[in-house]
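Both counts, for ligands and for their atoms, begin at 1 and track the order of listing. All residue numbers in this chain count up from 1 along the given sequence.
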Amino acid sequence: MPLRLYDTWSRAVREFTPLDPDHVGLYCCGPTVYDHAHIGNLRTYVFEDVLRRALTLDGYTVRHVVNITDVGHLVSDADEGEDKMEKGSRRTGESAWTIAGRYTAAFINDWRALNLLEPAVWCRATDHIAEQIDFVADLERNGYTYRTADGIYFDTSRQDDYGYLARLDVAGLQAGKRVAAGEKRNVTDFALWKFSPPGVARQMEWESPWGRGFPGWHIECSAMSAKYLGPWFDIHCGGEDHIPVHHSNEIAQTQARHDTRLANFWMHGHFLLLDAGRMSKSSGEFVRLQTLIERGYDPLAYRYLCLGAHYRSSLRFSEAALDAAQSALDRLRRTYVQWPQGGTPDAQSVARFKAEIDQDLNVPRALAVLWDVVRSDLPAATRRASVDCFDAVLGLGLADWQADDSSVIPADIAALADEREKARAAQQWIEADRLRDVLTAAGWLVEDSASGQILRQRDRIR
Ligand code: AMP
Ligand code: ZN
């Protein structure tokens, strides 16, 4: 069955056919490195990693490009306020260049901890100033720009279908926000090049044909994706928040220069939510992967948690959900390591798994196929080979996992747990509760789940 993916542009699940039969160009908007990434950002990269792995399973060579935004992303998406990098620099008392380096390194650490595959290209906005200036110069030549006191802007009224990706009601926005538009001609217009304020030396600024300053945020992605993948490539990804502004503007710029909508498929991961609402970097209230690791969780338990929700549905984060993910992953690993190598995958299970992935990356259902195989009576070596096949897409790193003391259940504890399982099966509740107390006293928590009981060492969490 062919891979089918949801395309935000057409608002439909479409069969994926690459523009070049063997190669797939994949561009993913990366982090703005004025602070740490939060686990919400990382959820989007997990979705993109699964997409890349699914394409690879289909036999394509994927050229994966991820940018690092280290200049030009202003505090407000409406091109107002400070550059996030300069703001971050004031917060920490270090230069914008220093914090960019530090948060980029921290981000790449998180990336690797989540077993995300390394992109073919990491590209930094500040390394591509010339490409961005060339892009803006072409837009100017084509008549899409105008100048205000603080920068060069893109005139969105030049395009009848501006904002189509987001199905923006441009006329409605224009009518509602006329006053707030400032010097901009249209409320949806956006900065291509911002001038350094008169008399102020910014930490990050460059000479340009229009004066000293820095590029607007959106131009970096149009310029760098075109450089590394060409102006018409297969798939462009990001979080759902990018649909109305960032990606709409990337498309507008690229249409105005190259007459394409940049990517054949536009795919967006939905947000990770906290009880308080969306997790956002700018509010300062967010959970980092490192925080979870310090509390005793394996970063791949967070990956497992992400796999449990379809990328096009919101995922509410809670420690209870992460505990359940950690238990399931522990259980999977402990079972997996006991299976011998050398088997061949069960063709029927692999076909079922792939059918779920092909259906717009239905990973939660693909995980259910995995658990069916784990619990099946297929020979152990067949189960291992099948699960290896699944893990090429899921990326849980099962084959690389080494049991450490904290995740191995000692034989006496395993025996008590077994007895308790039998007592429960025989509906001897008093005996089952007694055995639970014995296990708890020995430092092992028992949870009853649909797939049987789960044992967890108490001091592993926090
Ligand atoms: P940023 O570093 O803010 O530029 O965002 C990096 C990536 O994370 C982008 O693809 C965003 O769309 C995405 N993102 C931001 N917040 C969340 C969230 N709460 N859940 C999922 N993805 C997010
Ligand atoms: Zn981008």
Side-chain angles (χ1 to χ4, degrees), residues 8 26-49 51 65-77 83-85 87-88 99-100 103-104 106-108 110-111 114 116 119 122-125 128 132 135 165-166 190 215-229 233 235-254 262-263 266-289 302 305-306 309-317:
T8 308
L26 172 65
Y27 184 90
C28 301
C29 288
T32 309
V33 286
Y34 69 110
D35 204 335
H36 287 286
H38 56 61
I39 55 173
N41 302 130
L42 298 174
R43 178 186 185 204
T44 293
Y45 304 116
V46 170
F47 138 61
E48 293 160 351
D49 184 66
L51 169 64
V65 178
V66 182
N67 70 301
I68 304 278
T69 300
D70 56 355
V71 68
H73 192 172
L74 301 191
V75 174
S76 134
D77 277 349
D83 184 321
K84 290 187 178 187
M85 296 306 300
K87 185 177 176 198
I99 60 168
Y103 292 127
T104 301
F107 176 74
I108 291 175
D110 287 351
W111 185 278
L114 285 171
L116 303 172
W122 289 110
C123 45
R124 257 192 298 255
H128 298 79
Q132 295 177 74
F135 207 119
L165 179 77
F190 55 91
W217 169 36
H218 319 295
I219 197 77
E220 71 173 87
C221 286
S222 293
M224 295 194 290
S225 58
K227 172 169 178 167
Y228 293 109
L229 298 171
F233 59 88
I235 308 176
H236 192 314
C237 293
E240 58 175 329
D241 57 322
H242 282 346
I243 301 170
V245 180
H246 184 51
H247 288 171
S248 291
N249 293 347
E250 281 187 45
I251 290 171
Q253 294 164 154
T254 308
L262 193 56
W266 284 85
M267 294 182 67
H268 296 94
H270 284 224
F271 263 37
L272 182 81
L273 307 175
L274 291 179
D275 283 336
R278 283 184 163 198
M279 188 174 304
S280 104
K281 256 194 231 182
S282 48
S283 72
E285 288 295 319
F286 62 79
V287 181
R288 288 171 49 197
L289 188 65
Y302 179 65
L305 175 69
C306 294
H310 190 264
Y311 77 92
R312 279 200 296 120
S313 54
S314 305
L315 171 60
R316 192 167 287 280
F317 177 77

Identify which of [options] has a heavy atom lying nearest to [atom].
atom: atom 10 (O) of ligand 1; options: C28, S314, C237, G239; value: G239
atom: atom 13 (C) of ligand 1; options: V33, T44, L315; value: T44
atom: atom 20 (N) of ligand 1; options: L272, D35, T32; value: L272
atom: atom 8 (O) of ligand 1; options: T69, L273, N41, L42; value: N41

When rounded to the nearest 0.5 angstrom, what is the spacing between [atom1] in [X] and [atom2] in [Y]?
X: Y302; Y: F317; atom1: OH; atom2: CZ; result: 7.0 Å
X: W111; Y: L289; atom1: CH2; atom2: CG; result: 13.0 Å
X: I39; Y: T44; atom1: CD1; atom2: OG1; result: 12.0 Å

| said: As an exercise, identify every atom of ligand 1 less than 4.0 angstrom from a heavy atom of P31. | reply: 2 (O)
| said: Taking 4.0 angstrom as the limit and counting only heavy atoms of G238, give me the atoms of ligand 1 inside it, by number and element. | reply: 10 (O)
| said: Taking the six-membered ring for Trp, are H270 and Y311 closer than 6.0 Å centroid to centroid? | reply: no
| Vertex the Zn ion (ligand 2), arms to C29 SG and H246 NE2, rounded to 10° |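 It is 120°, given to the nearest 10°.
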With a 4.5 Å limit on heavy-atom distance, are the side chains of [X] and [Y] in contact?
X: L116; Y: V46; answer: yes
X: W266; Y: E250; answer: yes
X: V65; Y: P119; answer: no

| request: Assess H268 for proximity to ligand 1: is some non-hydrogen atom of it under 4.0 Å away? | output: no
| Contact with ligand 1 for G30, non-hydrogen, under 4.0 angstrom |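 For ligand 1, residue contact (heavy atoms, under 4.0 Å) with G30 is present.
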| Do you see an N/O/S atom of H247, backbone or side chain, under 2.8 Å from the Zn ion (ligand 2)? | no
| Does an N or O anywhere in G40 fall below 3.5 Å from an N or O of ligand 1? |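 N/O-N/O distance below 3.5 Å exists for this pair.
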| For ligand 1, is any non-hydrogen atom under 4.0 Å from D241's backbone (N, CA, C, O), its side chain (CB onward), both, or neither? |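 For D241, the contact with ligand 1 is made by the side chain alone.
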| message | Tell me the closest heavy-atom pair linking Y45 and P31, and the distance in Å. | response |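 Smallest heavy-atom distance, with atoms named: OH-N, 3.2 Å.
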